[in-house]
Number of protein chains: 2
Amino acid sequence: MNPDNAVRTSFKQQMLQAREEAIIQTANRLLAEKGFEAMTVDEVALQAGIAKASLYKHFASKEELAAAATARVMRRARDFIRALPEQAPPLDKLRAVLRWTLEVKLAGDMPSLPSRNSTLRTALIGNQDCMEGWMEVSDRLRAWIEAAQAAGALNPALPAVAVLYTFFARACDPALEFLRIGGRYQDEQIVTLVLSTCFEGLNAR
Amino acid sequence: MNPDNAVRTSFKQQMLQAREEAIIQTANRLLAEKGFEAMTVDEVALQAGIAKASLYKHFASKEELAAAATARVMRRARDFIRALPEQAPPLDKLRAVLRWTLEVKLAGDMPSLPSRNSTLRTALIGNQDCMEGWMEVSDRLRAWIEAAQAAGALNPALPAVAVLYTFFARACDPALEFLRIGGRYQDEQIVTLVLSTCFEGLNAR
DNA sequence: GTCTATATCCCGATAGAC
DNA sequence: GTCTATCGGGATATAGAC
């Protein structure tokens, strides 16, 4: 096997992977924009500059495509979490993760998936990348939550899992869109507001 | 015109209105269960025990049907708000409204409408009942929010509109479903947890 | 107004040539 | 693997009899 062959193969594979990444990015944006049900495979293919039949060579179904997009954002979250300084206070890290989440959502990059659709749930659970990312993210956040509670920074009366779910729920909080549509606040202010209401609550202190 | 005629007409109209209410209730439940896109008119008609063509005599489109369901829940919210004792502390009333909202959601009676679908948005804005209910609810809540802030009960640093949107957002908070699926908490505990995280925040006090 | 039956369209998925 | 062209199913909406 001559080297040219190897080079050409590698190049081809790189092109393929790049195209696949482009498809996933497009799907990701459309999922964020209109949700799983309203997103059509035609639109993804069109905006990705590829024929629909070609897309189906990469992903066996619309559900698998959405799962790939979900796995991607899970990987991004995992990487962000891993990159946080180990010795920082847990509460700071949790705030940083929530800030990151809100910024991704405001950037239009947070896929919004219905928790009700059963076929999609199956695809998400069946996707190993997706599940692994989710589990690592959950485990690390839960550990930080419990550490923050032990340190007296987070309310220890709340079950850790409830805090965790509260974080996840903020990833699809429509309050951000409401505030943006209102037009009175910049994205940075919106993030600060939601961070504040989430951690400090609505009550006066 | 003899009285019998009037009675019969009134009776017929009552029957019609009752049937229409049944249709809206069914749509409301399905909207809560699976959302606007996944809900089908066939299913609404089937579960309401009516032919689809008959349903379309009452509502010109799927969007108008969803708008009617939305108007209904808006009316219910308005009635609940009106019935609260005028002299109660604003914060108590706000907590009562949020509690009512969460209980309605847990009961499967809170229609979940995508904020992105443009045709649905048009129908909602075009529905006078829907808009009137929304405006009255918003106005009353905003007044209570500002009063609570003036009384030092709610954080005065938060814009009242941000607090308002936070309330509305809780009406479609997936954290409730997550907690229920987890199976470790009863509905009453879930309501208490979300109320606490919303008003007192996640931080220790 | 209610029904059965149907029109019409759109979408997910595939066939088959290249 | 990519394309054009198409299938098959299901959804919204309507026709027309009663």
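Below, chains carry the letters A, B, ... as their sequence lines are ordered, and counting in each starts from 1.
If you take NZ of A:K52 and C1' of C:dA15, they are 13 Å apart, rounded to a whole angstrom. Here C:dT14 presents its P atom at 14 Å from CG of A:D42, a figure rounded to the nearest Å. In this structure, B:Y56 places its OH atom 16 Å from C1' of C:dT4, rounding to the nearest Å. When the P atom of C:dC10 is taken as reference, atom NZ of A:K62 falls 15 Å away, rounded to whole Å. Between A:L30 atom CG and C:dC11 atom P there is a gap of 13 Å when expressed in whole angstrom units.
Ring orientation note: the planes of B:F167 and B:F199 are tilted relative to one another, at an angle of 30° to 60°.
Taking A:F59 as the reference, nothing meets the ring pair (Phe, Tyr, Trp, His ring centres under 6.0 Å) condition, with sequence neighbours excluded.
Nearest-nucleotide assignment on DNA chain C puts the 5′-proximal partner with A:M39, out of A:M39 and A:K57.
Where DNA chain D meets chain A (any atom under 4.0 Å from a heavy atom), the bounding nucleotides read 5' to 3' are D:dG1 to D:dT4.
A:S112 places a side-chain N or O within 3.5 Å of a backbone atom of A:L31 that can act as its donor or acceptor partner.
Between B:E177 and B:K105 there is a salt bridge, with a side-chain nitrogen of the basic residue lying less than 4.0 Å from a carboxylate oxygen of the acidic one. Look at B:K52 and B:E43 and you find no salt bridge, because none of the NZ, NE, NH1 or NH2 atoms lies under 4.0 Å from a carboxylate O.
At the heavy-atom level, B:S54 lies under 4.0 Å from base atoms of the strands shown.
Looking only at atom types and distance, the side chain of A:R184 has no donor-acceptor partner in the side chain of A:Q189 under 3.5 Å away.
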